[in-house]
Amino acid sequence: MAANDLPPRYDSKAVEKKWYEKWEKSGYFTPSIDSSKKPFTIVIPPPNVTGILHMGHALNNTIQDILIRWHRMKSDPTLWVPGVDHAGIATQNVVEKKLAKEGKTRHQLGREKFIETVWKWKEEHGSAIVKQLRRLGASCDWSRERFTMDEKLSRAVREAFVTLHERGLVYRGDYIINWCPRCQTALSDEEAVHQEIEGALYYIKYPIEGSKDHVTLATTRPETMLGDTAVAINPKDERYQNLRGKKVILPLLNRVIPVIEDDFVDPDFGTGIVKVTPAHDPNDFAMGARHKLSIINVMNSDGTINEHGGPYKGLDRFEARKRIVHDLETQRLFVKRVSHGHAVGHCYRCHTIVEPYLSKQWFVKMKPLAEKALKAHREGKVKFYPDRWTKVYVSWLENIRDWCVSRQIWWGHQIPVWYCETCKGQRVEREPVIARSEATKQSSEIASLPAVARNDGIIVSRTNPAACPVCGSKNLRRDPDVLDTWFSSWLWPFSTLGWPEQTQDLKYFYPTAVLVTAQEIIFFWVARMIMAGLEFMNEVPFHSVFIHGTVRVEGGQKMSKSLGNIIDPIEIIDEMGADALRFSLMMLAATDVYLSREKFEMGRNFTNKIWNATRFVLSNLEGFCELSDVGKLDRLSAVDKWILKELDQTAEEINKCFENFRFNEGANAAYHFFWSSFCDWYLELVKAVLMGQEAPERKRTVQAVLVYVLEKSMRLLHPFMPFISEEIWQLLKERVKSGVFNLETVMLASWPAPGFKDKFEKEVQSIRMFQDVVVGIRDLRTRLGLKPAEMLPDIRIGTKSKEATDAIGEFKSQISFLAKVSKISVEKEVKKTSGMIGRVYSDIEIFVAGLSPENLKAEEERTKKKIEELEGVIRGIENRLSDSKFVSNAPREIIEKEHARKQDLAQKLTAYRENLNLFKQ
RNA sequence: GGGCUGUUAGCUCAGUUGGUUAGAGCGCUUCCUUGACAUGGAAGAGGUCACAGGUUCGAGUCCUGUACAGCCCACCA
């Protein structure tokens, strides 16, 4: 055998680095715009600039890369736009933490200097994840890489905000928002993650004014009582009719507050009496509005009690809670504390319990946007895969609430709003504000809140104004807030392509084809992108949304840094290779992925298998091989045709799987074809040819088929395993002359289309029979305890079918090669003698004679068991066939099938029964 | 409280419109270092498809209910 200088183990490291650099440098990732062709575009879900690649990214980007590479091979102009998100709160937190280590705060630095520091941090650390995406093999067009804080994308953000304002879809108002006392910023409803916690209901007595009596009410947050401005009952509640028009005394502060009646109060909860704290609870805020209650904010932005909290001033909210409960106990106004599980909002970034907090924020009116998005869905313009996510999307849109978009941090897009200090106070024009909970039932009441005048010295502008357009004053102050990070993300599918400029990219590549993402950000991102696309581009940003599973650790937990259960994809790439990582993920990715390190061995073993199959093929080529069109060769044997057919069917199946986002099935098909069909059968079979005394033409044919199948396999595997497929394809290119190798890379080779449709059916059938015989003989060998090197002296195969006779006759030499048999005879009627055992197939029986008593005994048992099994199955079929309902209702082909099956099994049964007799002799 | 998903081999999971004897990987048993590969090869064992009903000639697959698990949504203080 020719010397082979390839190592027996695949070395992923060297290969991966080499090819990725070559691809990127050669510009293969950059499509050329061809107006005669329909492009295929994907925008990446931009990872956070603070992020490092985790398994979720690996899964998400592997799927995108598969789609991208597949389409590129189908010669669509294919664009994958990469980029990174500035991740306002997360990034600011990271940099602030770093400053804290140096003993500094952002306030010491000042805004300008701080933002400079963040940019510096970004330059130094922000490219970590894009480097890691390269290691994964992601074939993004890096020449179009974007960052949400790029000048052009910032311009898009500003354009979007101002446009929405012009359309009356942006407003500013005083509302209860979710406030994170740790991050010191407002959060949108989506950013306040509700988590079930084991809290408590505190029952407290409020004395009734002018009476020795009191009312008892229940609350989960006693500290907010400092801001109570009323107590409420349900007007229909019989029990409390006597409280009508009364006043109660707020304990601790001794404030006199009224008893109000409101339908909101649920008589069945707690005592049926509610304390009303308009500044610290959204419902109370609404009630306060309805009853024109005063609003007392008792907290500072850091969650400590402020000067309105009397003696509790300066205490943290939870400390204040303890002290208040204690003081109430002392005053005998505390009744009881009852455990009470309830959902409480937590900051999605730092997990601090958010405080419902009254403040002035900017909102986007979502209902008009959502209506467009719903309409687009009804018209089938955007489809979710799997379909069940549609419902999640629709129900969120139907119940949408306004979006609080201002954040009290520094890192982000500063809101393009200025306040004229001169105009301020001169309320020019009043206009009722549409409330945050417009979609909820309380909306009509909220609308009667004190209105904020829209032109009350507020300037919303595309460019930085030099003077107030109303009064000409230069005394302007810019709104210090920045926009929610998602306010730039939702523009991503078109801002990355140049919007608001009408660039060539935007015209050609928008809308994109598919969005690949995880379930967690359907609301945050997917739905909002659809709304933005429709609002600003008048077209959905993508036609398909593929929602893949969540990556979890074995055992079901989410993979997270804090749990310390991370499996780092880069470590897996280092150890086993990116291809192994990618392929393993795809094999597992049907639903949520539960990972353990061992699971990646599947992919690693597969890469090694591919590698070694290649070593075998290459070492069996003699010199430089010329590959003519295999399909035209008339020297193809049945096995050649069989493997070509299998290859065809696999290509077709993988294609279908990609079309339907069924990546695990596609990976399975590729795996099974390459390993079982190509390696286990075809390679083993052709060894007989390559090493035997076959005619040189036969050898050359086999070599051609080997190369042909291997080359096409590399194309099929390329989307899954870009690196090894390229490496092997290039190795073949060095040794083989063929049209396809005029190309530079397998990346640009065409996606295999079936070439042998409706052909080779007969050959496929006879190979199946041949495989039966080989497996049968091997089974017998194992049962007889033969050593691999030992030859079975005499195998007799009985068959009455002409096809089987022909097939076995044709493959005799291969059978003896694969199953180690010295003599094979095919007979119509095998003369059975005692001491023979056999295996029975539909058309074929295999016999071997001359066995030991122990072997015979074991085989007798086995035969008996087999007979019982067959009898059971046949009985079942007979029952069915004698059932008049079945016969009259089932389709004819099913009945025919059953008949044929019965006959088949009956024949087998007879054969086994005869065999059983052999043991009795 | 509402919604969604899952429950199939020891483990992790496939199973597209209902139709042969339900598949894969890992693990397990036996054998094999044979000239591509022990990250390998050959043969094999292992499943009343959570439970109870229903529709149907026929159900892992469709319907209803139950149990368990997980996820998402939700302002009952």
Side-chain angles (χ1 to χ4, degrees), chain A residues 1 4 6 8-10 176 194 201 217-221 224 232 264-266 268-270 273-277 281-286 340 342-343 345 356 388-389 391-392 395-396 399 437 440 442 519-520 522-523 550 552 554 556 576 580 584 587-588 590-596 598-599 601-602 604-620 656 660 662 664-665 668 671-672 679-680 683-684 687 691 775 778-783 785-789 869-870 872-873 876-877 880 883-891 893-895 897-898 900-901 904-905:
Chain A
M1 186 136 306
N4 192 334
L6 298 177
R9 295 225 172 153
Y10 171 61
I176 300 277
H194 283 83
L201 258 184
L217 49 79
T219 176
T220 53
R221 294 186 293 151
T224 62
F264 167 76
V265 180
D266 176 1
D268 296 327
F269 190 89
I273 305 180
V274 184
K275 60 194 263 322
V276 184
T277 323
D281 183 278
N283 296 310
D284 294 4
F285 182 73
H340 177 67
H342 59 142
R388 65 171 179 278
W389 297 111
K391 205 172 164 182
V392 175
S395 64
W396 185 73
N399 298 298
S437 42
T440 69
Q442 292 97 359
Q519 160 263 116
E520 292 98 70
I522 292 180
F523 307 141
T550 305
R552 294 169 205 283
E554 231 169 38
M576 311 190 193
S584 302
M587 286 286 271
L588 297 167
T591 50
D592 283 358
V593 188
Y594 291 79
L595 286 178
S596 63
E598 295 77 58
K599 290 203 168 150
E601 288 171 7
M602 192 198 301
R604 180 202 58 184
N605 294 355
F606 189 42
T607 54
N608 204 51
K609 190 73 185 177
I610 296 169
W611 181 248
N612 277 289
T614 305
R615 288 177 71 220
F616 174 82
V617 171
L618 290 177
S619 66
N620 280 292
K656 214 154 98 199
N660 296 300
R662 307 175 77 95
N664 70 311
E665 283 178 35
N668 237 308
Y671 185 87
H672 179 262
C679 293
D680 290 348
L683 292 191
E684 291 305 323
K687 278 178 185 172
M691 294 184 219
V775 170
R778 283 170 174 171
D779 184 21
L780 292 173
R781 295 179 54 89
T782 305
R783 288 178 192 291
L786 291 181
K787 297 277 165 201
E869 234 177 77
L870 281 170
V873 178
I877 299 174
R880 220 167 302 155
D883 185 344
S884 60
K885 284 185 197 158
F886 174 73
V887 178
S888 53
N889 285 325
E893 71 252 33
I894 296 292
I895 297 173
K897 242 183 190 173
E898 290 290 290
R901 215 177 122 220
D904 199 57
L905 293 173

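Just so it is clear: chains get the letters A, B, ... in the order the sequence lines come, proteins before strands, and each one is counted from 1.
Within the 4.0 angstrom heavy-atom criterion, no nucleotide atom of any strand lies near A:Arg221. Note on A:Leu905: a base of the nucleic acid sits closer than 4.0 angstrom, heavy atoms only. Residue contacts for A:Val274: at a heavy-atom cut-off of 4.0 Å it reaches a base atom on one of the strands shown. Counting any heavy atom pair closer than 4.0 Å across all strands shown, A:Val775 reaches sugar-phosphate atoms only and no base atom. Residue contacts for A:Ala343: at a heavy-atom cut-off of 4.0 Å it reaches a base atom on one of the strands shown. Counting any heavy atom pair closer than 4.0 Å across all strands shown, A:His342 reaches sugar-phosphate atoms only and no base atom. In this structure, A:Asp680 reaches the sugar-phosphate backbone alone: every heavy-atom distance under 4.0 Å involves primed, P, OP1 or OP2 atoms, never a base. Contact annotation for A:Pro356: no contact, since no heavy-atom pair falls under 4.0 Å across all strands.
A:Pro282 and A:Pro356 make their closest contact through CD-CB, 4.0 Å (heavy atoms, listed as atom of the first residue, atom of the second, distance). Across all their heavy atoms, A:Leu905 and A:Ile877 have their closest contact at CD1-CD1, 3.7 Å.
Rounded to a whole Å, the CD atom of A:Glu869 is 9 Å from the P atom of B:G46. One can place CD1 of A:Ile610 at 15 Å from C1' of B:G40, the figure rounded to the nearest angstrom. For A:Met587 and B:U12, the CE to P distance is 18 Å, given to the nearest whole Å. Taking atom CG of residue A:Leu683 and atom C1' of nucleotide B:G40, one finds them 13 Å apart after rounding to whole Å. Distance, A:Arg781 CZ to B:C31 C1': 11 Å, rounded to whole Å. In this structure, NE2 of A:His194 is placed 19 Å from P of B:G3, rounded to the nearest angstrom. We find that CD of A:Glu684 is positioned 14 Å from P of B:G40, with the value rounded to whole Å. Taking atom NZ of residue A:Lys885 and atom C1' of nucleotide B:U55, one finds them 13 Å apart after rounding to whole Å.
When Watson-Crick and G-U wobble pairs are counted only if both distances are under 3.5 Å, B:U7 pairs with B:A67. For B:G44, the paired base is B:C28 (Watson-Crick or G-U wobble, both distances below 3.5 Å). In this entry B:U20 has no Watson-Crick or G-U wobble partner, no candidate having both defining distances under 3.5 Å. Pairing for B:U56 is absent, with no Watson-Crick or G-U wobble pair whose two atom distances lie under 3.5 Å. Across all strands shown, B:A38 has no partner, as no Watson-Crick or G-U wobble contact with both distances under 3.5 Å is found. In this structure B:G1 sits in a base pair with B:C73, meeting the Watson-Crick or G-U test at under 3.5 Å.
Taking atom P in both B:C71 and B:A24, the straight-line distance is 32 Å, to the nearest Å. Comparing the C1' positions of B:G70 and B:U34 gives a spacing of 49 Å, expressed to the nearest Å. Comparing the P positions of B:C11 and B:U16 gives an interatomic distance of 23 Å, to the nearest angstrom. Between B:G27 and B:G47, the distance separating the two C1' atoms is 16 Å to the nearest Å. For the P atoms, the distance linking B:C13 with B:G6 amounts to 13 Å, nearest Å. Comparing the C1' positions of B:C51 and B:U39 gives an interatomic distance of 42 Å, to the nearest angstrom. Rounded to whole Å, the separation between the C1' atoms of B:C49 and B:C72 comes to 28 Å. One C1' atom belongs to B:C28, the other to B:U12, and the distance between them is 16 Å to the nearest Å.
Phosphate contact (OP1/OP2 of B:A43, side-chain N/O of A:Arg778, threshold under 4.0 Å): present. Considering only side-chain N and O atoms, A:Arg615 lies nowhere under 4.0 angstrom from the phosphate OP1 or OP2 of B:G35. Residue A:His340 has a polar side-chain atom (N or O) positioned under 4.0 Å from OP1 or OP2 of B:A77. Between A:Lys391 and the phosphate of B:C4, there is a side-chain N or O to OP1/OP2 separation shorter than 4.0 Å. At the phosphate of B:G40, OP1 or OP2 sits under 4.0 Å from a side-chain N or O atom of A:Asn605. Dashed line: the shortest gap from a side-chain N or O of A:Arg388 to OP1 or OP2 of B:C4 is not under 4.0 Å. Look at A:Lys787 and you'll find a side-chain N or O under 4.0 angstrom from OP1 or OP2 of B:C32. Taking 4.0 angstrom as the limit, A:Lys609 places a side-chain polar atom (N or O) nearer than this to OP1 or OP2 of B:G41.
A donor and an acceptor atom never sit less than 3.5 Å apart when one is taken from the side chain of A:Asn889 and the other from the base of B:C57. At a cut-off of 3.5 angstrom, counting only N and O atoms as typed in the model, there is no donor on one side facing an acceptor on the other between the side-chain of A:Glu665 and the base of B:A24.
Between the side chain of A:Arg880 and the backbone N or O of A:Phe886 there is no donor-acceptor pair closer than 3.5 Å. With hydrogens and angles disregarded, a donor-acceptor distance shorter than 3.5 Å links the side chain of A:Asp281 to the backbone of A:Asn283. At distances below 3.5 Å, at least one donor-acceptor pair connects side-chain atoms of A:Arg781 with backbone N or O atoms of A:Lys787. Panel note: side chain A:Asn608, backbone A:Tyr10; a donor-acceptor pair is recorded below 3.5 Å. In this structure a side-chain-to-backbone donor-acceptor pair under 3.5 Å is missing from A:Asp779 to A:Val775.
Toward the 5' end of RNA chain B, the nearer of the two residues A:Phe523 and A:Ala218, judged by each one's closest nucleotide, is A:Phe523. Residue-to-nucleotide proximity on RNA chain B shows that, of A:Leu870 and A:Asn664, the 5′-proximal contact is made by A:Asn664.
Geometrically, A:Lys687 engages A:Phe616 in a cation-pi contact, judged by NZ or CZ lying under 6.0 Å from the ring centre and within 45° of the ring axis.
Closest to the A:Met602 side chain, of the nucleotides B:G25, B:G19, B:C72, is B:G25. Distances were taken from every side-chain heavy atom of A:Phe269 (C-beta onward) to each of B:C75, B:A77, B:A36; the shortest belongs to B:A77. The nucleotide whose nearest atom lies closest to any side-chain atom of A:Phe886 is, among B:U39, B:A43, B:G19, B:G19. When distances run from any side-chain atom of A:Asp779 to the nucleotides B:A42, B:C72, B:G44, the shortest one goes to B:G44. Checking B:C75, B:A77, B:G19 against the side-chain heavy atoms of A:Thr219 singles out B:A77 as nearest. Taking every side-chain heavy atom of A:Phe264 into account, B:C75 is the closest of B:A74, B:C75, B:A36. Considering only the side chain of A:Gln519, B:C71 comes nearest among B:C71, B:C37, B:A77.
Using a 4.5 Å heavy-atom cutoff, the side chains of A:Thr219 and A:Leu201 are not in contact.
Ring geometry for A:Trp396 against A:Phe523 counts as parallel: the plane angle stays under 30°, on a 0 to 90° scale with 60° as the upper cut.
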